[in-house]
Protein chains: 2
Amino acid sequence: MTTWSIREAAEKCGLSLHMLRWYERIGLVGPVARGGDGRRRFTDADLDWLTLVTKLRETGMPVSDMQRYAELVRSGAGENERLELLKRHREEVRRALAAQRECLKVLNAKIGTYSRLAREERSQA
Amino acid sequence: MTTWSIREAAEKCGLSLHMLRWYERIGLVGPVARGGDGRRRFTDADLDWLTLVTKLRETGMPVSDMQRYAELVRSGAGENERLELLKRHREEVRRALAAQRECLKVLNAKIGTYSRLAREERSQA
DNA sequence: AGTTGCGTTAGAGCGGACTCTAACTCATAG
DNA sequence: CTATGAGTTAGAGTCCGCTCTAACGCAACT
């Protein structure tokens, strides 16, 4: 089974070395296995998990919620609560999505008028 | 011309009294006119601006960028830089939008499997 | 006259999420 | 055999965006 150094893992999942260590410390991932020299050896499963965690973070799930979720997954139980957490976050994401779309409309309109102004100014000169 | 107390303004734009004062302090809005008693009187223009500001914040524009934008608008100049700021933020919003969509897919899949598990468990009992 | 309520200011404090530092251990290269 | 480099830990520090506090002013009610 192939495993990855912290550096490789960082590369693969787009997090910094600091973040990987910190995520492990706070229980957001792992505990990650160590090699004979005491260094982290990330498995593919670790990386998959990190990919999920990254997506959740990127979309604004609070670290504390992710900690709770990770804890439940590690314990192998609490399916109901896990479902709850995911559903709650999904609602959050949907809300945010709507807000982004709304804002995009406003931005497009504003950018349109500014660009129009610039064009007029140029043709006037 | 109708104007609004800080309380009414807060109600209308969904920000707290604290936030309205703070936004003014840091130059994100106003300066807001005062009545004879020294209290704020928000105009409709102020409220429109606050609505925009709120949208920008909700979609993650940094406060410092909004300060800069507000400063330019107040000065009445810097159309190019304003355009820049808006375009940059639009890119950011588009990026976020894509991330949210991506995450939503993952969430739906995960929620699907958890729900399926729960259903099976129930029917097994 | 006093107390209640809404407002004012400037500044301190807080919570979240990193981000960096110091001190240490190994392993390899020169 | 020492110096370089990649890793380890625990803890301190930083940045952002609020959020709260203290001390005060004014006006209306009782």
Side-chain angles (χ1 to χ4, degrees), chain A residues 3-43 46 50 52-71 85 88-89 92 96 99 103, chain B residues 3-43 46 50 52-71 85 88-89 92 96 99 103:
Chain A
T3 60
W4 317 93
S5 76
I6 191 167
R7 194 159 281 269
E8 291 162 337
E11 183 112 347
K12 277 172 188 280
C13 72
L15 294 171
S16 70
L17 308 184
H18 281 318
M19 286 271 281
L20 285 176
R21 296 195 191 103
W22 182 63
Y23 273 12
E24 184 177 4
R25 251 205 289 172
I26 66 173
L28 241 180
V29 57
V32 178
R34 305 298 148 117
D37 54 358
R39 298 183 177 191
R40 288 173 181 78
R41 300 304 324 176
F42 288 83
T43 63
D46 288 330
L50 280 168
L52 172 62
V53 158
T54 302
K55 279 199 187 7
L56 295 177
R57 263 311 291 140
E58 260 187 11
T59 52
M61 182 184 267
V63 167
S64 53
D65 283 10
M66 300 202 304
Q67 283 175 303
R68 180 66 185 144
Y69 185 71
E71 188 185 322
L85 280 167
R88 210 168 70 210
H89 186 54
E92 217 13 75
C103 184
Chain B
T3 60
W4 317 93
S5 76
I6 192 167
R7 194 159 280 269
E8 291 162 334
E11 182 112 349
K12 277 172 188 282
C13 72
L15 295 171
S16 71
L17 308 185
H18 280 318
M19 285 270 282
L20 285 176
R21 295 195 191 104
W22 182 63
Y23 273 12
E24 184 176 3
R25 252 205 288 173
I26 66 173
L28 242 181
V29 57
V32 178
R34 306 298 150 118
D37 54 358
R39 298 183 177 190
R40 288 173 182 79
R41 299 305 323 175
F42 288 83
T43 63
D46 288 331
L50 280 168
L52 172 62
V53 159
T54 302
K55 280 200 188 359
L56 295 176
R57 263 311 291 142
E58 259 187 10
T59 52
M61 182 183 268
V63 168
S64 53
D65 283 9
M66 300 202 303
Q67 283 176 302
R68 180 68 186 144
Y69 184 70
E71 188 185 320
L85 281 166
R88 211 167 70 208
H89 186 53
E92 216 14 73
C103 182

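The structure presented is a predicted model; accordingly, all values stated were derived computationally and were not measured. Residue numbers start from 1 in every chain, and the chains themselves are labelled A, B, ... in the order their sequence lines are given, proteins ahead of strands.
- Put simply, OH on A/Y69 and CG on A/L52 are 6.0 Å apart, with the number rounded to the nearest 0.5 Å.
- Of the side-chain N and O atoms in B/R40, none sit less than 4.0 angstrom from OP1 or OP2 of C/dG7.
- Between the P atom of D/dG7 and the CZ atom of A/F42 lies a distance of 10 Å, rounded to the nearest Å.
- Contact annotation: A/Y23 does not reach the phosphate of C/dA17 (side-chain N/O to OP1 or OP2, under 4.0 Å).
- One can place CG of A/L20 at 16 Å from P of D/dA6, the figure rounded to the nearest angstrom.
- Between the CD1 atom of B/I26 and the P atom of D/dG17 there is a distance of 9 Å, rounded to whole Å.
- In this structure, the side chain of B/R57 engages the main chain of B/M61 through a donor-acceptor pair within 3.5 Å.
- B/R57 places its CZ atom 11 Å from the P atom of D/dT19, with the value rounded to the nearest Å.
- Look at CH2 on A/W22: it is 5 Å from C1' on C/dC18, rounded to the nearest Å.
- Put simply, CH2 on A/W4 is 19 Å from C1' on D/dG7, counting in whole angstrom units.
- In this structure, SG in A/C103 is found 11.5 Å from CD in B/E92, a value given to the nearest 0.5 Å.
- Here the CG-CG distance, from A/L15 to A/L50, works out to 6.5 Å after rounding to the nearest 0.5 Å.
- Distances from the side chain of B/R34 to the nucleotides C/dT9, D/dG17, D/dT9 place C/dT9 closest.
- Proximity of B/R21 to the phosphate of C/dT9: no side-chain N or O atom is located under 4.0 Å from OP1 or OP2.
- The shortest distance between the side-chain N/O atoms of A/R7 and the OP1/OP2 oxygens of D/dA6 is not below 4.0 Å.
- B/S5 comes within 4.0 angstrom of sugar-phosphate atoms only, judged by non-hydrogen atoms across all strands, and of no base.
- Atoms CG (A/L17) and P (D/dA6) sit 10 Å apart, rounded to a whole Å.
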List every contact pair, protein side and nucleotides 20-27 of chain D side both N or O, where the distance is under 3.5 Å.
from, atom 1, to, atom 2, distance (Å)
D/dG25, N2, B/R39, NH2, 3.1

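- With rounding to whole Å, B/E24 atom CD is found 11 Å from C/dT8 atom C1'.
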Only distances under 3.5 Å count here; give the side-chain donor-acceptor pairs of residues 27-38 of chain B to other protein atoms, sequence neighbours excluded, each with its distance to 0.1 Å.
from, atom 1, to, atom 2, distance (Å)
B/R34, NE, B/V32, O, 3.1
B/R34, NH2, B/E24, OE1, 2.9
B/R34, NH2, B/E24, OE2, 2.5
B/D37, OD1, B/R39, N, 3.2

